[in-house]
J.: 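Here it is, the structure in full.
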Amino acid sequence: MDISVAIPREFSFKRTVISHGWCELLPFQIDRKKWKLIRTLDLPEGKPVTVTITAGRRALQIKASRRLSQAATRKVITAVRHMLRLDDDMAAFYRVVAEDPDFSWISAQGAGRMLRSPTVFEDLVKMICTTNCSWGLTEKMITGLVENLGREANDGRRTFPTPEAMALMPVKFYVNEVRAGYRSTYLKQLADRVASGNLDVEAWLKSPLSTVDLMKEMRGVMGVGPYAAENLLKLLGRYDGLALDSWTRSKFFSVRNNGRKTTDKKIARHYSRFKEWRGLALWCDMTRDWLDRQAPARD
């Protein structure tokens, strides 16, 4: 079954898909040779469906692994629009970066949209699984979650587990099967809170709170520090934070400081002219070469 979805004029499918490492983590899969993004989606009724997304000049083409009802088709379109940020208004950001010769490539290439999951819960779980570890370990943890707890689609691929599915599992499951280590308690507690209704992470998408207050709420979740919170904020459309880690610092040293180490304050000053867009400007700057070498995964 084929579905067509119109795209904004300045939208770059390639730049969005490899904007960060999510395209490498199940239930996402990427085919870089044919530029296909594959994703298995949960549907409220019936079995999950796997969709294969490609892009033409004016529209995305979505091929579903089975025939869908009208209601299910609408759910798929909504999920794809959300994941690829098709409804994000990038005009203000593009105006700001277009004025700077070093950053004008961003608007010219349609960069700046960051791939996200269909739910904030999935993004949050994945963010917790990126902290203080190698990318290889992150991949193993997420693969363990999906293969053990995800629902199976008709093509054998699996969805990301729901909070309810994760809440049913004891901490030892996350230790022994997911290999989450000290994060096991974090994942179990998060799933319990969300599944019970004690924590509504999906409400963060449209939260009226200031970014500072929303970040405080995020940090009330066990396992979410400044780095995880600032990165998650980017997926919510808030770009104030720089989310500096060892990789971004090292890349800044190489790209902007002739290979010499410098302080976080200097890094912050370098992007301060972009104001509320500074975190996105930094990220685009650090990942400019990813489309050329097509390798978004980090060690």
Side-chain angles (χ1 to χ4, degrees), residues 11-32 35-42 50-55 60 62 76 78-88 110-131 133-147 150 157-161 178 180 183 187 190 201-202 204-205 218 223-224 227-239 241 243 245 247-248 251 279-280 282-284 286-287 290-291 293-299:
F11 175 76
S12 169
F13 179 69
K14 292 180 180 180
R15 280 285 180 190
T16 303
V17 168
I18 64 165
S19 54
H20 65 133
W22 266 209
C23 65
E24 302 283 351
L25 299 177
L26 293 177
F28 285 115
Q29 292 177 289
I30 180 174
D31 179 343
R32 287 193 180 86
W35 278 104
K36 296 179 179 180
L37 180 67
I38 303 162
R39 169 75 202 206
T40 307
L41 296 169
D42 238 328
T50 298
V51 296
T52 301
I53 309 166
T54 55
L60 298 176
I62 305 168
V76 166
T78 297
V80 169
R81 296 190 72 87
H82 177 84
M83 292 186 298
L84 294 174
R85 318 291 290 269
L86 295 184
D87 298 313
D88 284 19
R113 285 180 169 85
M114 297 184 69
L115 181 70
R116 62 187 174 189
S117 307
T119 66
V120 177
F121 175 74
E122 180 181 331
D123 282 332
L124 180 54
V125 169
K126 287 180 173 177
M127 207 62 73
I128 290 172
C129 290
T130 65
T131 56
C133 66
S134 68
W135 184 253
L137 180 54
T138 296
E139 289 181 307
K140 287 181 181 179
M141 286 187 279
I142 300 305
T143 298
L145 287 172
V146 171
E147 291 185 347
R157 292 183 171 93
R158 292 182 178 273
T159 65
F160 194 83
V178 180
R183 302 170 191 80
L187 298 177
L190 172 61
V201 296
E202 305 307 318
W204 291 349
L205 269 170
M218 289 177 173
V224 178
Y227 166 79
E230 289 183 356
N231 269 316
L232 186 60
L233 283 168
K234 291 188 180 75
L235 303 185
L236 301 177
R238 304 194 190 203
Y239 305 103
D245 64 357
W247 183 86
T248 49
K251 194 66 180 289
L280 188 55
L282 176 147
W283 188 249
C284 289
M286 297 300 96
T287 60
W290 278 7
L291 185 57
R293 58 190 180 86
Q294 301 181 24
R298 300 190 292 177
D299 295 330

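These values consider heavy atoms only, across backbone and side chains, with no hydrogens, waters or symmetry-generated copies.
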J.: Determine, stepwise, if the pair K251 / T248 fulfils side chain to side chain contact (heavy atoms under 4.5 Å, CB included).
T.: CA-CA 5 Å; K251 194 66 180 289; T248 49; 5.6 Å; no
J.: Testing H82, H20, E122 one by one against R116 for a side-chain hydrogen bond (donor to acceptor under 3.5 Å, both in side chains), which residue passes?
T.: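 Filter result, single survivor: H82.
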J.: What's the spacing between F28 CZ and I142 CD1 if we round to 0.5 Å?
T.: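 That separation rounds to 12.0 Å.
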J.: Which pair of heavy atoms, one from S117 and one from D123, lies closest together, and at what distance?
T.: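 Result for this residue pair: OG-OD1, 2.7 Å.
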J.: Is any side-chain heavy atom of W290 closer than 4.5 Å to one of S19?
T.: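 The answer is no, as the side chains (C-beta and beyond) never meet within the 4.5 Å cut-off.
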J.: For the pair I18 and W35, evaluate side chain to side chain contact (heavy atoms under 4.5 Å, CB included) and give the outcome as yes or no after the intermediate values.
T.: CA-CA 10 Å; I18 64 165; W35 278 104; 3.8 Å; yes
J.: If you apply the rule side chain to side chain contact (heavy atoms under 4.5 Å, CB included), what do you find for W135 with L25, and how did you get there?
T.: CA-CA 10 Å; W135 184 253; L25 299 177; 3.8 Å; yes
J.: Return the minimal non-hydrogen interatomic distance between G112 and C284, and the atom names on each side.
T.: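 Of all heavy-atom pairs spanning G112 and C284, the closest is CA-SG, 3.8 Å.
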J.: So K140 and T143, do their side chains get closer than 4.5 Å, heavy atoms only?
T.: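 No - every pair of side-chain heavy atoms lies 4.5 Å or more apart.
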J.: Search all heavy atoms of I53 against all heavy atoms of F13 and return the closest pair with its distance.
T.: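 Result for this residue pair: O-CZ, 3.4 Å.
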J.: Is the shortest side-chain heavy-atom distance between L41 and M83 below 4.5 Å?
T.: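 Yes - at least one pair of side-chain heavy atoms lies under 4.5 Å apart.
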J.: Just verifying a value: how many Å separate I30 CD1 and W22 CH2, rounded to the nearest 0.5 Å?
T.: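 Going from the CD1 atom of I30 to the CH2 atom of W22 covers 15.0 Å.
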J.: If we ignore hydrogens and angles and just use 3.5 Å, is the side chain of R113 paired with the main-chain N or O of R85 as donor and acceptor?
T.: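 Checking the backbone N and O of R85 against the side chain of R113, a donor-acceptor pair under 3.5 Å is found.
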J.: Do NZ/NE/NH1/NH2 and the carboxylate oxygens of E24 and R32 come within less than 4.0 Å?
T.: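 Yes, charged N to carboxylate O under 4.0 Å.
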J.: Compare all side-chain heavy atoms of D31 with those of T52 and state whether any distance is below 4.5 angstrom.
T.: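 Sidechains of T52 and D31: no contact.
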J.: In Å, rounded to the nearest 0.5 Å, how long is the span from SG of C129 to CG of L187?
T.: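 The SG atom of C129 sits 5.0 Å away from the CG atom of L187.
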J.: If you look at every heavy atom in P27 and K126, which pair is closest and at what distance?
T.: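 The pair with the smallest heavy-atom distance is CD-NZ, 4.0 Å.
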J.: Can you tell me if T40 and T50 form a side-chain donor-acceptor pair at under 3.5 Å?
T.: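 Short answer, yes.
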J.: How long is the gap from CG on L233 to CG on L280, to the nearest 0.5 Å?
T.: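 Here the interatomic distance stands at 12.5 Å.
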J.: What residues form a side-chain contact (heavy atoms from CB on, under 4.5 Å) with E202, not counting sequence neighbours?
T.: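 So E202 forms a side-chain contact (heavy atoms from CB on, under 4.5 Å) with T119, V120, F121, D200.
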J.: Using the test side chain to side chain donor-acceptor pair (under 3.5 Å), find all partners of R183 that sit at least two apart in sequence or belong to another chain.
T.: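 Listed in chain order: nothing, the list is empty.
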J.: Does R81 come within less than 4.0 Å of D87, counting only side-chain N to carboxylate O?
T.: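 Yes, this pair counts.
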J.: For R158 and V146, indicate whether the former's side chain and the latter's backbone hold a donor-acceptor pair under 3.5 Å.
T.: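 No, R158 side chain to V146 backbone: no donor-acceptor pair under 3.5 Å.
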J.: Evaluate E230 against K234 for salt bridge (Lys or Arg N to Asp or Glu O under 4.0 Å), listing each step before the verdict.
T.: CA-CA 7 Å; E230 289 183 356; K234 291 188 180 75; 5.9 Å; no
J.: Let me confirm one number: the CG-CZ distance from L26 to R157, rounded to the nearest 0.5 Å.
T.: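 Spacing of CG (L26) from CZ (R157) equals 9.5 Å.
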J.: Quick one: CG on N231 to CH2 on W283, what's the gap to the nearest 0.5 Å?
T.: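 One gets 6.5 Å once the value is rounded to the nearest 0.5 Å.
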J.: Would you check, one step at a time, whether the test side chain to side chain contact (heavy atoms under 4.5 Å, CB included) holds for L84 with L115?
T.: CA-CA 5 Å; L84 294 174; L115 181 70; 3.7 Å; yes
